[in-house]
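FYI, the numbering just counts along the sequence from 1. Scope of the values below: all heavy atoms of this structure, side chains included, with no hydrogens, waters or symmetry mates.
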Amino acid sequence: MQHFTDKGKMVDAPRQPDAATMAEAAALIAAGQLVAMPTETVYGLAADATNARAVAAIYAAKGRPSFNPLIVHVSDIAMAERYVAPTALARRLASTFWPGPLTLVLPKRSASGIAELVTAGLETVAVRVPAHPVALELIRTSGRPLAAPSANPSGRLSPTRAADVAAELGDKVGLVLDGGPARHGLESTVVEASGEQPVLLRPGAIAAEDIAAVAGRPVLRPEADPSLPSSPGQLASHYAPRAALRLDASDVRTGEALLAFGRDVPATTGPVVNLSPAGDLVEAAANLFAALRTLDASGASAIAVMPIPGHGLGEAIGDRLRRAAAPRG
Ligand code: TXA
Ligand code: MG
C-alpha cells in the first residue's frame, strides 16, 4: 500500500504487524521486557515507564549514561495528564502537534508512578504522543506509558529502519516491531513547557519557527541564556558514525566520502549520498541518518559534509551533524 505525504511524494505506508505479534509485544512489555517499536521519528527501545527494572534494562542495552532522562510515550493528552501537570502553553502545543514529533517537558505529578530512572531524578517528565500507528497500538494494547529512547547504542546514529535496530541491538530486545522506514528520520523536537515561554531543549522534526507560531511567543534557547532550564541529555558527541565528519566542505579530499545537499555538488570519484538534490530540508532530514550509515559502510575514513541552510528543519540537521562531528569522549 502507498500513501501521499504532505509533500505529495509517494512513500510506503507504515507497515502493520499482525494482531498476534502485537499481543506478543504487549505481553513482553507487561513482563518488563524491551520491545523495539517504530515511531514516525526514529525507532524507539520501549519498556514500561512505571517498571524500574525494565527501565534499567533500557539503559543497560544502550550503554547509556544514567543521567540522561527518557521520553514517556502516551496515547493521548488524557493519558499524558496522569503523569504530568499541563500548562496552557502545553495544551496549545499538544492540541496542534499531537500525535506527532513534539516532546513536552512538564512538571511531574506527585503520584505519577513513573520510575525515578526515567526522569533521572528530575521533577519534570518528557511526554509525547507518537503518530506512528504501531507505536500507538503498542501503548493502547499494553495499557502502559512507554519509556523509549532511540533504539541505538548510546552516542551512535539513531535507527530509521527495523533492520538497523536488529543489527545493533537485536540480541538485547525481546522483539523488533517492523513499521517500515521512519517518516521523519529525525528525533522529536523537545520543548520545556512548564512556564509561559517555550524553551527549545532539542531541535527536531518540528521546526522552532512552527512552535513559535503556535505558541504565539518566541522560542527561547538555553544556550543563549544559562538561566533557562536545559536538557541533561544533550551530549556534545552524539549521533556519531564511525567515520570522522568534516563540516561545511566545499571540496572532497582523497579518501573522503561526500554527504551532499542540493544541486551544486563538488566533483568526486568516491562514494556520495545526496540528502536532497532538490535542496528540500524535509527530505534531507528524513534521509540524514540512513545516509550517514550508508557512507560509513562504504569504508571511507572521513565524510565531507556540504553546507546545509540553518532555517526550518536545517536547525535540527545542523545540530545532529555538529554533534556527530564533535570530538568523541
Ligand atoms: O523522536 C524521539 O524523541 C525518539 C523517539 C523514539 O520517540 N526518542 C528519543 O529519545 O530521541 P532520547 O532518549 O534519545 O532523547 C530524549 C531527549 C534527551 O535529549 C533528554 O535529555 C530529553 O529528551 N529529556 C527527557 N526527559 C527530560 C526532562 N525531564 N527534562 C529535560 N530533558 C529531558
Ligand atoms: Mg537518541
Side-chain angles (χ1 to χ4, degrees), residues 5-11 40-42 101 150 152 155-161 164 181-189 200 202-210 219 221 223-224 234-329:
T5 66
D6 45 1
K7 291 262 147 206
K9 209 174 47 169
M10 284 245 275
V11 296
E40 75 282 19
T41 58
V42 299
S150 51
N152 52 281
R156 315 296 309 199
L157 289 170
S158 304
T160 56
R161 298 165 295 204
D164 299 335
R183 183 153 62 92
H184 294 288
L186 198 63
E187 293 85 350
S188 61
T189 303
L200 184 69
R202 178 178 73 181
I206 297 175
E209 291 91 328
D210 295 339
V219 167
R221 287 176 167 75
E223 61 276 19
Q234 293 293 69
L235 304 174
S237 171
H238 201 167
Y239 312 105
R242 282 177 183 76
L245 257 66
R246 186 166 67 85
L247 301 185
D248 292 322
S250 53
D251 60 351
V252 186
R253 298 178 188 160
T254 311
E256 281 183 341
L258 175 64
L259 186 66
F261 177 82
R263 249 189 316 249
D264 298 321
V265 178
T268 176
T269 52
V272 182
V273 176
N274 196 325
L275 290 174
S276 172
D280 176 339
L281 290 167
V282 175
E283 181 182 33
N287 291 333
L288 178 66
F289 290 126
L292 286 169
R293 278 173 200 280
T294 302
L295 293 178
D296 224 12
S298 77
S301 59
I303 301 171
V305 182
M306 285 178 65
I308 292 170
H311 60 85
L313 290 194
E315 180 176 7
I317 296 171
D319 170 81
R320 304 302 188 273
L321 286 171
R322 277 190 298 280
R323 289 177 208 282
R328 310 199 179 147

Residue Arg221 excluded, over 12 heavy atoms near CZ under 6.0 Å: yes
Residues at least two apart in sequence or cross-chain that pass side chain to side chain donor-acceptor pair (under 3.5 Å) with Asp251, listed by chain then number, are Arg246
With sequence neighbours excluded, residues passing side chain to side chain contact (heavy atoms under 4.5 Å, CB included) with Ala285: Leu186, Leu313, Ile317
Test of understanding: with side chain to side chain contact (heavy atoms under 4.5 Å, CB included), list the residues that count as partners of Ser298, not counting sequence neighbours. Ala257, Pro271, Ala300
Closest heavy-atom pair and its distance - [X], [Y]:
X      : Y      : answer
Thr160 : Asp164 : N-OD2, 3.2 Å
Ser276 : Ala284 : CB-N, 4.1 Å
Ser158 : Arg293 : O-NH2, 3.3 Å
Pro266 : Ser250 : CB-O, 3.6 Å
Ser188 : Thr41  : N-CG2, 3.8 Å
Met306 : Leu258 : CG-CD1, 4.0 Å

Have a look at Leu259 and tell me which of Ile308, Thr294, Leu292 forms a side chain to side chain contact (heavy atoms under 4.5 Å, CB included) with it. Leu292
Give me each pair satisfying ring pair (Phe, Tyr, Trp, His ring centres under 6.0 Å) with a member in [range], each pair once, sequence neighbours excluded.
range            : value
residues 270-326 : Tyr239-Phe289
residues 260-280 : none
residues 268-287 : none

Any donor-acceptor N/O pair, [X] side chain to [Y] backbone, under 3.5 Å:
X      : Y      : value
Thr189 : Ile206 : yes
Asn152 : Arg156 : yes
Asp296 : Arg242 : yes

From CD (Glu315) to CG (Leu281), nearest 0.5 Å: 11.5 Å
Given Glu187, which partner from the list Arg202, Arg320, Arg323 fulfils the salt bridge (Lys or Arg N to Asp or Glu O under 4.0 Å) test? Arg320
